[in-house]
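Beneath this line is the structure, given in structure tokens, with notes to follow.
Naming convention: chains lettered A, B, ... in sequence-line order (proteins, then strands); numbering from 1 in each chain.
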Amino acid sequence: MESQRRSFGDDTSISPELDRLIRQRGRDLRLRKLDQQNAVKIVNHLIDSLLEFLKNNDDQPFFRDISVLTSGSYYEMVKINKPNEFDIMLKLKVPRLVLSELDEYQGLFYKIMLSKATRTEIQHFLLEDDRTISATKIKAEMYRLVRKFISNHFKGEGWVIRRSLVNSPAVTLEFKAKEKDDYVMSVDIVPALEVPQGWPQAARAGPNIKNWLGKKNCRQLVSKPVYFVPKRPKGRNLKDDAKESWRISFSHIEKEMIQYHGNKKTCCESYSNKCCRKLCLRLLKCLIEGLKQQYPKELESLCSYHGKTAFFHVLSDRVQDSLWSPGQLSVSFMKVFRYFERCAMNGSLPHFFVREHNLFSPPAFPKRAIVFLANVLTEQRELGLPALKAPSPTSALVPAVIHPISGTDSIVASERFFKHIYVCLLVIIVCVGIGCLFKK
DNA sequence: AGAAACTAAGAGCAT
DNA sequence: ATGCTCTTAGTTTC
């Protein structure tokens with residue numbers, strides 16, 4: 001009995017050293033105010049100018065009527081180490097839409113059509129049927145506009161547009177300071193369609209937050225619109241619909257849940273009722289980054305969104321504010337960690353809003369990677385979380401942006417590119433070889 | 001549309 | 001280390 005409790009979910013066994021490590025690391029992860037000031041000056045200038053450019057641009061009226069939705073960890077206030085990644089969603093005004101879920105993707109990817117024919121500006125972004133909104137066309141135009149903006153207004157100011165990746169919804173801008181090579185920032189700009197007319201069927205049940213945030217807040221959140229970003233599922237040989245597909249995004253809901261995270265309204269209102277929920281998420285993000293750095297190949301499909309999702313599941317189950325008091329930091333973090341570990345062991349991490357979609361299912365997350373992750377997490381726990389110790393401040397500057405919406409590491413695509421080259425070379429060599437044989 | 005009010009969190013200082 | 005205030009950035013509201 002005793003030993004069984006120890007091997008499952010027993011959190012009483014946190015050693016003083018582990019407790020100290022968790023607290024120390026939690027402090028180190030803070031963003032320095034000076035870094036923030038420097039970053040914000042540059043990034044806000046960029047975003048303000050980009051908005052002005054888009055609102056006044058003459059050649060693409062559809063992108064004139066936009067509004068900004070800041071998202072991602074910086075704007076959720078859970079960014080760790082350095083303020084070097086910013087996520088901006090640009091909401092595009094669209095007429096009434098009809099969504100149809102793509103089979104095989106359990107409610108995450110959709111084909112989006114206009115509910116009736118239109119003569120508004122969106123007509124240039126439709127497929128031949130004059131109804132279906134083309135994700136690739138919208139993304140390509142976003143890219144073209146951002147590139148035009150940079151070359152017209154930001155020449156030589158340190159901003160470079162990153163090569164577009166087929167699986168990412170974002171146009172990514174990178175900032176490199178001239179003097180300091182190591183100073184890198186990135187801004188992801190993601191076009192998004194707003195769908196105010198209720199959540200799609202797959203998410204209709206709503207997130208499991210009634211006990212945690214209360215029925216009233218739940219109703220409020222569920223009455224908000226959902227967004228769709230131009231992202232196609234992973235994999236080769238996609239069907240035509242999948243190539244033009246949109247992925248549902250709950251970034252704005254996630255941001256709100258992180259902001260109003262308490263069971264009681266008074267949570268984090270003053271000193272006396274501070275809680276450690278956000279800190280737990282930061283620590284989990286740190287651990288994930290550390291592991292990805294240590295095993296980049298094996299954990300290629302792992303991203304911070306998996307951690308965030310697990311975190312939400314724990315919050316919705318462990319609702320009492322008192323359980324999350326700062327004094328309970330290490331206990332709380334280990335609860336989150338153990339849940340994440342169990343998800344990996346079971347190969348099951350349901351999307352928080354689209355519950356039938358398992359984020360730990362192949363092909364997006366290969367079986368091998370799940371098994372590897374489960375083993376690595378167990379090992380981490382047994383060794384006292386060495387991955388938290390890894391000094392990552394410099395590594396955080398390596399421009400491997402994990403996008404919360406895209407949920408994939410941007411580096412993946414470039415690796416695939418090189419694989420293609422290898423394969424091509426191999427084929428050529430074999431052909432030449434065969435040719436030589438025949439000559440003989 | 002822009003200013004004011006409000007919130008969160010880092011910094012600094014005292015204990 | 002912990003408690004508290006001040007400052008700044010982001011958001012909301014009018």
Side-chain angles (χ1 to χ4, degrees), chain A residues 14-56 64-91 93 175 185 187-189 192 194 213 217 220-221 223-225 227 251-283 285-286 308 311 315 321-322 324-333 393 396 404:
Chain A
I14 296 173
S15 68
E17 301 89 76
L18 183 57
D19 184 82
R20 215 159 349 103
L21 170 68
I22 291 173
R23 284 171 199 286
Q24 187 55 52
R25 219 47 203 117
R27 267 190 288 277
D28 299 344
L29 292 172
R30 278 186 294 197
L31 304 186
R32 309 273 106 207
K33 210 133 201 199
L34 199 65
D35 291 343
Q36 192 193 5
Q37 277 172 8
N38 293 329
V40 143
K41 233 187 292 169
I42 295 163
V43 171
N44 285 355
H45 176 53
L46 174 86
I47 294 167
D48 292 346
S49 315
L50 174 64
L51 283 180
E52 204 185 302
F53 169 81
L54 289 174
K55 290 193 172 179
N56 301 321
R64 242 184 270 162
D65 198 1
I66 45 169
S67 47
V68 172
L69 198 167
T70 53
S71 68
S73 53
Y74 176 79
Y75 294 101
E76 288 167 346
M77 312 228 147
V78 289
K79 183 72 183 76
I80 54 173
N81 296 324
K82 292 275 164 173
N84 56 356
E85 291 169 20
F86 299 81
D87 300 283
I88 306 291
M89 281 165 80
L90 294 182
K91 300 186 275 182
K93 283 272 166 350
F175 180 86
M185 288 193 295
V187 176
D188 273 6
I189 296 153
E194 186 179 272
L213 297 170
N217 287 322
Q220 231 167 51
L221 286 179
S223 69
K224 290 184 184 293
Y227 295 92
S251 300
H252 57 311
I253 310 278
E254 291 159 12
K255 185 176 165 187
E256 255 184 68
M257 292 194 316
I258 289 176
Q259 195 182 357
Y260 307 108
H261 51 256
N263 180 236
K264 295 266 169 305
K265 270 222 177 73
T266 50
C267 184
C268 287
E269 212 174 61
S270 66
Y271 267 118
S272 39
N273 32 21
K274 263 253 153 268
C275 86
C276 67
R277 288 179 176 92
K278 282 189 195 177
L279 194 43
C280 288
L281 177 55
R282 289 167 159 217
L283 284 161
K285 286 164 74 80
C286 171
K308 193 179 178 186
F311 174 70
L315 290 198
D321 292 337
S322 57
W324 297 91
S325 73
Q328 297 295 305
L329 174 65
S330 48
V331 173
S332 298
F333 175 67

In 5'-to-3' order, the base (B), backbone-only (S) or no-contact (-) status of each nucleotide in nucleotides 3-14 of chain C, using a 4.0 angstrom heavy-atom cut-off, is -BB-BBSSS---

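Counting only residues at least two apart or on different chains, no salt bridge (Lys or Arg N to Asp or Glu O under 4.0 Å) pair has a member in residues 260-274 of chain A.
Not one N or O on the side chain of A:Asn263 forms a donor-acceptor pair closer than 3.5 Å with the backbone of A:Asp321. A donor-acceptor distance shorter than 3.5 angstrom exists from the side chain of A:Asn273 to the backbone of A:Thr266, with no hydrogens or angles considered. Here the side chain of A:Arg23 pairs no donor or acceptor atom with the backbone of A:Arg20 at under 3.5 angstrom. In this structure, A:His261 contributes its side chain and A:Cys267 its backbone to no donor-acceptor pair below 3.5 Å. Under the 3.5 Å distance criterion, the side-chain polar atoms of A:Lys91 are left unmatched by any main-chain donor or acceptor of A:Tyr227.
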Verdict with supporting geometry, A:Tyr74 and A:Gln36, side-chain hydrogen bond (donor to acceptor under 3.5 Å, both in side chains): CA-CA 10 Å; A:Tyr74 176 79; A:Gln36 192 193 5; 2.9 Å; yes

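Using a 4.0 Å heavy-atom criterion, one finds that A:Arg23 contacts no nucleic acid atom at all. Within 4.0 Å (heavy atoms only), A:Lys274 reaches sugar-phosphate atoms of the nucleic acid but no base atom. At a threshold of 4.0 angstrom between heavy atoms, the contacts of A:Arg282 are confined to the sugar-phosphate backbone, with no base atom among them.
We find the CG-NZ distance between A:Asp65 and A:Lys55 to be 8.0 Å, quoted to the nearest 0.5 Å.
Where DNA chain B meets chain A (any atom under 4.0 Å from a heavy atom), the bounding nucleotides read 5' to 3' are B:dA8 to B:dA11.
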